[in-house]
Amino acid sequence: MSETDKVFAGSIPRLYDEYLVPMIFAVYAEDIARRVAALSPSVLLEIAAGTGAVTRAVAAALPGGIRYVATDLNEPMLAVAAQRQAGDDRITWRQADGMALPFGDAEFDAVCCQFGAMFFPDRIKAYGEVKRVLKPDGTFVFNVWDRIEDNVLTQEAMVALEKLFPDDPPRFMIRTPHGYYDKTVIRGDLERAGFRDISIETRSEISRAPSAEYVAIALCQGTPLRSEIEAKDASKLQAATDIVAEAIRTRHGSGPVEGKIQAIVIEARA
(Lines give C-alpha, C1' and ligand atoms only; values in the text may rest on other atoms or scores of the structure.)
Protein backbone atom coordinates (compact mmCIF):
# COMPACT_ATOMS: atom_id res chain seq x y z
CA MET A 1 0.00 0.00 0.00
CA SER A 2 1.27 3.43 -0.96
CA GLU A 3 1.37 6.16 1.69
CA THR A 4 -1.07 8.22 -0.42
CA ASP A 5 -3.61 5.35 -0.18
CA LYS A 6 -4.34 6.33 3.41
CA VAL A 7 -4.70 10.08 2.91
CA PHE A 8 -8.30 11.21 3.46
CA ALA A 9 -7.69 14.91 4.04
CA GLY A 10 -8.26 18.33 2.51
CA SER A 11 -11.43 18.37 0.42
CA ILE A 12 -11.53 14.56 0.08
CA PRO A 13 -13.81 13.89 3.10
CA ARG A 14 -16.43 16.39 1.92
CA LEU A 15 -16.42 15.16 -1.69
CA TYR A 16 -16.35 11.54 -0.54
CA ASP A 17 -19.49 12.09 1.52
CA GLU A 18 -21.27 14.23 -1.07
CA TYR A 19 -20.49 12.16 -4.16
CA LEU A 20 -19.15 8.71 -3.36
CA VAL A 21 -21.47 7.76 -0.50
CA PRO A 22 -24.70 8.02 -2.53
CA MET A 23 -23.03 6.54 -5.62
CA ILE A 24 -21.58 3.33 -4.22
CA PHE A 25 -21.62 3.18 -0.41
CA ALA A 26 -25.22 3.88 0.67
CA VAL A 27 -26.73 0.68 -0.72
CA TYR A 28 -24.17 -1.49 1.09
CA ALA A 29 -24.59 0.57 4.26
CA GLU A 30 -28.27 -0.39 4.27
CA ASP A 31 -27.28 -4.04 3.93
CA ILE A 32 -24.86 -3.80 6.87
CA ALA A 33 -27.57 -2.05 8.90
CA ARG A 34 -30.04 -4.88 8.30
CA ARG A 35 -27.48 -7.45 9.37
CA VAL A 36 -26.49 -5.55 12.50
CA ALA A 37 -30.11 -4.89 13.49
CA ALA A 38 -30.82 -8.63 13.23
CA LEU A 39 -28.20 -9.19 15.95
CA SER A 40 -30.01 -6.83 18.40
CA PRO A 41 -26.79 -5.53 19.96
CA SER A 42 -26.81 -3.46 23.13
CA VAL A 43 -23.23 -2.27 22.69
CA LEU A 44 -21.89 -1.82 19.15
CA LEU A 45 -18.52 -0.81 17.74
CA GLU A 46 -17.91 0.45 14.23
CA ILE A 47 -14.38 0.67 12.90
CA ALA A 48 -13.30 2.61 9.79
CA ALA A 49 -16.56 4.56 9.97
CA GLY A 50 -15.41 7.09 7.37
CA THR A 51 -17.96 9.87 6.95
CA GLY A 52 -20.65 7.82 8.65
CA ALA A 53 -22.63 6.14 5.86
CA VAL A 54 -23.00 2.96 7.90
CA THR A 55 -23.34 4.85 11.17
CA ARG A 56 -26.38 6.71 9.89
CA ALA A 57 -27.98 3.57 8.46
CA VAL A 58 -27.32 1.44 11.53
CA ALA A 59 -28.42 4.15 13.97
CA ALA A 60 -31.72 4.45 12.09
CA ALA A 61 -32.24 0.68 12.36
CA LEU A 62 -31.51 0.35 16.09
CA PRO A 63 -33.68 1.33 19.07
CA GLY A 64 -32.94 3.87 21.78
CA GLY A 65 -30.89 2.80 24.75
CA ILE A 66 -28.05 1.21 22.85
CA ARG A 67 -24.41 2.32 23.10
CA TYR A 68 -22.76 2.86 19.73
CA VAL A 69 -19.07 3.72 19.40
CA ALA A 70 -18.02 4.83 15.90
CA THR A 71 -14.30 5.10 15.16
CA ASP A 72 -11.97 5.92 12.31
CA LEU A 73 -8.24 6.41 11.93
CA ASN A 74 -8.77 9.61 9.93
CA GLU A 75 -10.08 12.45 12.08
CA PRO A 76 -11.14 14.64 9.10
CA MET A 77 -13.46 11.85 7.91
CA LEU A 78 -14.84 11.32 11.42
CA ALA A 79 -15.48 15.06 11.78
CA VAL A 80 -17.80 14.96 8.77
CA ALA A 81 -19.56 11.90 10.20
CA ALA A 82 -20.05 13.51 13.61
CA GLN A 83 -21.42 16.69 12.04
CA ARG A 84 -23.90 14.72 9.92
CA GLN A 85 -25.10 12.73 12.95
CA ALA A 86 -25.06 15.49 15.56
CA GLY A 87 -27.63 15.16 18.29
CA ASP A 88 -27.76 11.36 18.53
CA ASP A 89 -26.63 10.80 22.11
CA ARG A 90 -26.37 7.03 21.57
CA ILE A 91 -23.24 7.56 19.49
CA THR A 92 -19.72 8.27 20.72
CA TRP A 93 -17.19 9.33 18.08
CA ARG A 94 -13.59 8.37 18.64
CA GLN A 95 -10.40 8.44 16.61
CA ALA A 96 -8.92 4.95 16.77
CA ASP A 97 -6.55 2.65 14.93
CA GLY A 98 -8.19 -0.65 13.97
CA MET A 99 -4.85 -2.36 14.58
CA ALA A 100 -4.80 -1.27 18.24
CA LEU A 101 -8.34 -0.68 19.45
CA PRO A 102 -8.47 1.40 22.66
CA PHE A 103 -11.15 -0.74 24.30
CA GLY A 104 -11.31 -3.49 26.90
CA ASP A 105 -11.67 -7.18 26.25
CA ALA A 106 -15.18 -8.53 25.55
CA GLU A 107 -16.74 -5.06 25.54
CA PHE A 108 -19.02 -5.23 22.49
CA ASP A 109 -21.89 -7.43 21.30
CA ALA A 110 -21.08 -6.74 17.66
CA VAL A 111 -18.49 -4.98 15.53
CA CYS A 112 -19.15 -3.68 12.03
CA CYS A 113 -16.90 -2.24 9.36
CA GLN A 114 -17.73 -1.08 5.84
CA PHE A 115 -14.98 -1.18 3.21
CA GLY A 116 -12.22 -0.69 5.75
CA ALA A 117 -10.49 -4.07 5.93
CA MET A 118 -8.67 -3.44 2.64
CA PHE A 119 -6.76 -0.61 4.34
CA PHE A 120 -5.47 -2.61 7.32
CA PRO A 121 -1.69 -3.09 6.98
CA ASP A 122 -1.95 -6.36 8.94
CA ARG A 123 -5.43 -7.84 8.60
CA ILE A 124 -4.88 -10.79 10.89
CA LYS A 125 -3.74 -8.42 13.63
CA ALA A 126 -6.74 -6.16 13.04
CA TYR A 127 -9.14 -9.11 13.09
CA GLY A 128 -7.49 -10.28 16.30
CA GLU A 129 -8.25 -6.89 17.84
CA VAL A 130 -11.87 -7.17 16.75
CA LYS A 131 -12.14 -10.62 18.29
CA ARG A 132 -10.56 -9.38 21.51
CA VAL A 133 -13.11 -6.61 22.03
CA LEU A 134 -16.08 -8.83 21.11
CA LYS A 135 -18.01 -10.68 23.78
CA PRO A 136 -18.03 -14.48 23.48
CA ASP A 137 -20.26 -15.41 20.51
CA GLY A 138 -20.24 -11.76 19.40
CA THR A 139 -20.44 -11.11 15.67
CA PHE A 140 -18.16 -9.25 13.28
CA VAL A 141 -20.00 -7.94 10.20
CA PHE A 142 -17.99 -6.32 7.42
CA ASN A 143 -17.64 -6.00 3.68
CA VAL A 144 -14.92 -5.48 1.09
CA TRP A 145 -15.06 -4.65 -2.59
CA ASP A 146 -14.87 -7.48 -5.09
CA ARG A 147 -12.36 -7.35 -7.94
CA ILE A 148 -12.34 -4.17 -9.99
CA GLU A 149 -13.59 -5.97 -13.12
CA ASP A 150 -16.93 -6.45 -11.32
CA ASN A 151 -17.18 -2.73 -10.52
CA VAL A 152 -17.86 -1.22 -13.90
CA LEU A 153 -17.52 2.55 -13.48
CA THR A 154 -14.35 2.32 -11.40
CA GLN A 155 -12.82 -0.08 -13.92
CA GLU A 156 -13.66 2.28 -16.79
CA ALA A 157 -12.12 5.19 -14.89
CA MET A 158 -8.87 3.30 -14.36
CA VAL A 159 -8.64 2.42 -18.05
CA ALA A 160 -9.21 6.08 -18.96
CA LEU A 161 -6.43 7.26 -16.63
CA GLU A 162 -3.96 4.97 -18.38
CA LYS A 163 -4.20 7.34 -21.37
CA LEU A 164 -3.18 10.32 -19.25
CA PHE A 165 -0.39 8.47 -17.43
CA PRO A 166 0.69 5.81 -19.96
CA ASP A 167 4.07 5.11 -18.35
CA ASP A 168 2.87 4.90 -14.74
CA PRO A 169 -0.92 4.91 -14.38
CA PRO A 170 -2.52 5.42 -10.95
CA ARG A 171 -3.22 2.06 -9.33
CA PHE A 172 -4.88 3.06 -6.04
CA MET A 173 -8.28 1.58 -6.87
CA ILE A 174 -6.82 -1.71 -8.06
CA ARG A 175 -4.17 -1.90 -5.36
CA THR A 176 -6.24 -1.10 -2.27
CA PRO A 177 -10.07 -0.81 -2.47
CA HIS A 178 -10.25 -3.70 -4.96
CA GLY A 179 -7.17 -5.57 -3.78
CA TYR A 180 -8.63 -7.85 -1.10
CA TYR A 181 -11.35 -10.01 -2.61
CA ASP A 182 -10.07 -13.60 -2.52
CA LYS A 183 -12.62 -15.43 -0.36
CA THR A 184 -10.15 -18.17 0.55
CA VAL A 185 -7.68 -15.58 1.80
CA ILE A 186 -10.36 -13.69 3.73
CA ARG A 187 -11.60 -16.86 5.41
CA GLY A 188 -8.05 -17.92 6.25
CA ASP A 189 -7.23 -14.53 7.78
CA LEU A 190 -10.33 -14.67 9.97
CA GLU A 191 -9.64 -18.24 11.07
CA ARG A 192 -6.06 -17.37 11.98
CA ALA A 193 -7.45 -14.54 14.12
CA GLY A 194 -9.69 -17.02 15.95
CA PHE A 195 -13.07 -16.48 14.28
CA ARG A 196 -15.51 -19.29 13.52
CA ASP A 197 -18.89 -19.78 11.82
CA ILE A 198 -17.70 -17.61 8.95
CA SER A 199 -20.18 -16.82 6.18
CA ILE A 200 -19.03 -15.08 2.99
CA GLU A 201 -21.50 -13.79 0.42
CA THR A 202 -21.08 -12.01 -2.91
CA ARG A 203 -23.54 -9.15 -3.30
CA SER A 204 -24.10 -7.29 -6.58
CA GLU A 205 -25.85 -3.92 -6.76
CA ILE A 206 -26.29 -1.06 -9.22
CA SER A 207 -24.35 2.18 -8.84
CA ARG A 208 -26.22 5.28 -9.98
CA ALA A 209 -25.04 8.81 -10.65
CA PRO A 210 -26.73 11.82 -12.26
CA SER A 211 -23.95 12.34 -14.82
CA ALA A 212 -20.55 11.21 -16.06
CA GLU A 213 -19.01 14.31 -14.49
CA TYR A 214 -20.41 13.27 -11.11
CA VAL A 215 -18.73 9.86 -11.41
CA ALA A 216 -15.42 11.47 -12.36
CA ILE A 217 -15.45 13.90 -9.43
CA ALA A 218 -16.40 11.11 -7.02
CA LEU A 219 -13.54 8.83 -8.06
CA CYS A 220 -10.79 11.30 -8.98
CA GLN A 221 -11.35 13.91 -6.28
CA GLY A 222 -13.27 12.17 -3.47
CA THR A 223 -10.83 9.32 -2.81
CA PRO A 224 -7.08 8.92 -2.22
CA LEU A 225 -6.82 8.43 -5.99
CA ARG A 226 -6.66 12.23 -5.94
CA SER A 227 -3.51 12.13 -3.80
CA GLU A 228 -1.89 9.64 -6.15
CA ILE A 229 -2.71 11.74 -9.22
CA GLU A 230 -1.38 14.89 -7.56
CA ALA A 231 1.77 13.05 -6.46
CA LYS A 232 2.43 12.20 -10.10
CA ASP A 233 1.59 15.67 -11.44
CA ALA A 234 -0.36 18.17 -9.33
CA SER A 235 -1.35 20.11 -12.45
CA LYS A 236 -3.23 17.16 -13.96
CA LEU A 237 -6.05 16.65 -11.45
CA GLN A 238 -8.62 18.45 -13.59
CA ALA A 239 -7.34 16.76 -16.75
CA ALA A 240 -7.70 13.40 -15.01
CA THR A 241 -11.24 14.25 -13.95
CA ASP A 242 -12.10 15.37 -17.47
CA ILE A 243 -10.70 12.28 -19.19
CA VAL A 244 -12.61 9.99 -16.84
CA ALA A 245 -15.82 11.97 -17.40
CA GLU A 246 -15.37 11.71 -21.16
CA ALA A 247 -14.78 7.95 -20.97
CA ILE A 248 -17.88 7.42 -18.83
CA ARG A 249 -19.93 9.68 -21.10
CA THR A 250 -18.79 7.78 -24.19
CA ARG A 251 -19.85 4.45 -22.67
CA HIS A 252 -23.02 5.52 -20.85
CA GLY A 253 -24.28 8.68 -22.53
CA SER A 254 -24.68 12.26 -21.33
CA GLY A 255 -27.54 11.61 -18.92
CA PRO A 256 -27.77 9.59 -15.69
CA VAL A 257 -25.24 6.79 -15.37
CA GLU A 258 -25.65 3.24 -14.06
CA GLY A 259 -23.09 0.50 -13.57
CA LYS A 260 -22.71 -2.79 -11.76
CA ILE A 261 -20.95 -2.76 -8.40
CA GLN A 262 -20.05 -5.86 -6.42
CA ALA A 263 -18.91 -6.48 -2.88
CA ILE A 264 -18.20 -9.39 -0.57
CA VAL A 265 -20.07 -9.40 2.76
CA ILE A 266 -18.72 -11.38 5.69
CA GLU A 267 -20.14 -12.38 9.05
CA ALA A 268 -18.02 -14.20 11.62
CA ARG A 269 -18.49 -15.20 15.26
CA ALA A 270 -15.93 -14.70 18.00
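Since this is a predicted model, take the numbers as computed values, not measurements. Keep in mind that the numbers below use all heavy atoms, side chains included, and drop hydrogens, waters and symmetry copies. Residue indices begin at 1 and follow the sequence shown.
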Q: Where does the angle between the aromatic ring planes of F25 and F115 fall among parallel (under 30°), tilted (30 to 60°) and perpendicular (over 60°)?
A: tilted

Q: As an exercise, state the distance from OH of Y181 to CG of N151, rounded to the nearest 0.5 Å.
A: 11.5 Å

Q: List in chain and number order the residues that pass salt bridge (charged side-chain N to carboxylate O under 4.0 Å, His left out) with R90, two or more places apart in sequence or in another chain; answer none if no residue qualifies.
A: D88

Q: Using 30° and 60° as the class limits, which term best fits the ring planes of Y127 and F142: parallel, tilted or perpendicular?
A: tilted

Q: Closer than 3.5 angstrom, by distance alone: can the side chain of Y28 be matched with the main-chain N or O of V265 as a donor-acceptor pair?
A: no

Q: State, without any angle test, whether T241 and Q221 hold a side-chain donor-acceptor pair at a distance under 3.5 Å.
A: yes

Q: When rounded to the nearest 0.5 angstrom, what is the spacing between CD in E205 and CD in E30?
A: 10.5 Å

Q: Using a 4.5 Å cut-off on heavy atoms from C-beta on, say whether the side chain of F195 contacts that of K131.
A: yes

Q: Which pairs, with at least one residue in residues 85-105 and sequence neighbours excluded, count as a ring-ring contact (aromatic ring centres under 6.0 Å, His included)?
A: F103-F108

Q: Minimum heavy-atom separation for L101 and R132, please, with both atom names.
A: O-NH2, 2.9 Å

Q: Is any side-chain heavy atom of Q95 closer than 4.5 Å to a side-chain heavy atom of T71?
A: no

Q: Mind checking whether M99 and L73 have side chains closer than 4.5 Å, heavy atoms only?
A: no

Q: Counting N and O atoms only, with roles assigned by atom type, does the side chain of D146 sit under 3.5 Å from a partner on the main chain of I264, one being a donor and the other an acceptor?
A: no

Q: Do the side chains of K163 and E246 get close enough for a salt bridge, i.e. N-O under 4.0 angstrom?
A: no

Q: Quick one: does S207's side chain have a donor or acceptor within less than 3.5 Å of a partner on M23's backbone?
A: yes

Q: Mind checking what makes ring pair (Phe, Tyr, Trp, His ring centres under 6.0 Å) contact with Y214, not counting sequence neighbours?
A: Y19

Q: Under a 4.0 Å N-O cut-off, is there an ion pair linking D137 with R196?
A: yes

